Amino acid sequence: VCDAGLNLCWQRFTIVKELMHLHSRTVGDGQEFRSGGDSAHRILSEAITSRDEHPWEDVELSNEASALAMALETLVPWCLRRQFDALVDQRADPYLIARTFMVPLNFIKIMLKNNCFSIYN
């Protein structure tokens with residue numbers, strides 16, 4: 001289930017991130033949400049906090065941050081990194097890059113700020 005109020009980039013990102021939880025087995029069988037508010041609150045808290053964790057800082061990541069990093073790797077795959085770098089080299093507006101890869105703008109800004117997605121690093 002994805003919030004229909006989100007734009008297409010956010011819907012796509014959310015679905016891929018949740019699929020990464022399934023792929024990495026970092027999601028339970030749904031019992032967390034049925035067992036009471038404490039577990040649901042913990043999961044939501046971790047999801048919010050994960051936005052401040054950055055996979056390129058050489059720190060241990062939470063399950064949420066790991067899923068977020070895997071989603072970005074999936075949505076901006078290595079086979080398209082030259083295209084990403086070309087847009088960066090042309091000083092393309094971050095919004096254009098976000099639209100090109102259909103990734104939420106705030107994640108593109110983080111990627112650009114940290115130069116973490118260049119194939120030339």
Side-chain angles (χ1 to χ4, degrees):
V1 177
C2 190
D3 183 350
L6 297 173
N7 68 37
L8 186 57
C9 290
W10 269 105
Q11 287 181 12
R12 183 172 175 258
F13 177 80
T14 300
I15 290 167
V16 170
K17 187 181 79 62
E18 295 310 316
L19 288 171
M20 292 299 105
H21 277 297
L22 293 173
H23 173 72
S24 63
R25 297 182 181 172
T26 56
V27 65
D29 61 359
Q31 293 297 326
E32 298 94 336
F33 291 104
R34 284 187 238 124
S35 64
D38 289 343
S39 295
H41 178 70
R42 179 185 47 77
I43 290 167
L44 290 173
S45 237
E46 187 180 337
I48 292 166
T49 303
S50 74
R51 281 14 178 215
D52 296 324
E53 296 178 18
H54 303 293
W56 44 88
E57 290 181 349
D58 197 30
V59 296
E60 186 174 330
L61 298 178
S62 68
N63 290 341
E64 280 296 317
S66 296
L68 186 147
M70 287 186 287
L72 288 173
E73 288 288 340
T74 301
L75 295 171
V76 186
W78 278 103
C79 64
L80 299 179
R81 297 295 167 88
R82 289 192 189 280
Q83 181 182 355
F84 183 92
D85 284 343
L87 289 168
V88 172
D89 290 345
Q90 295 167 10
R91 300 193 187 283
D93 184 86
Y95 181 73
L96 174 65
I97 298 172
R99 286 193 50 122
T100 298
F101 290 97
M102 292 186 64
V103 173
L105 178 60
N106 60 333
F107 292 119
I108 293 295
K109 287 179 178 179
I110 290 169
M111 291 162 50
L112 293 171
K113 178 182 173 192
N114 290 282
N115 197 28
C116 65
F117 272 70
S118 174
I119 62 174
Y120 303 111
N121 280 346

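Computed from a predicted model, the values in this text were never measured in an experiment.
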From CD1 (Ile97) to CG (Asp85), nearest 0.5 Å: 9.5 Å
Which residues share a side-chain contact (heavy atoms from CB on, under 4.5 Å) with Leu105, sequence neighbours left out: Pro94, Tyr95, Ala98, Lys109
Straight-line distance of Leu68 CG to His21 NE2, nearest 0.5 Å: 8.5 Å
Closest heavy-atom pair and its distance - Met111, Val76: CE-CG2, 4.0 Å
CG on Leu19 to OG1 on Thr74, rounded to 0.5 Å: 9.0 Å
Any donor-acceptor pair under 3.5 Å from Arg12 side chain to Val103 backbone: no
For Ser24, all residues meeting side-chain hydrogen bond (donor to acceptor under 3.5 Å, both in side chains), sequence neighbours excluded: Thr26
Atom pair NZ (Lys17) and NE2 (His23), whose distance is rounded to the nearest 0.5 Å: 15.0 Å
Counterpart residues, side-chain contact (heavy atoms from CB on, under 4.5 Å), relative to Leu6 (two or more places apart): Cys2, Asp3, Trp10, Gln11, Thr14
From CA spacing to verdict: side chain to side chain contact (heavy atoms under 4.5 Å, CB included), Leu72, Phe101: CA-CA 10 Å; Leu72 288 173; Phe101 290 97; over 6 Å; no
Hydrophobic cluster identity match, Leu80 and Leu87, side-chain contacts under 4.5 Å: yes
Path from Met70 to Met102 over hydrophobic side-chain contacts below 4.5 Å: no
Interatomic spacing from CD in Gln83 to OG1 in Thr100 - rounded to 0.5 Å: 6.5 Å
Distance (rounded to the nearest 0.5 Å) between Phe13 CZ and Leu8 CG: 14.0 Å
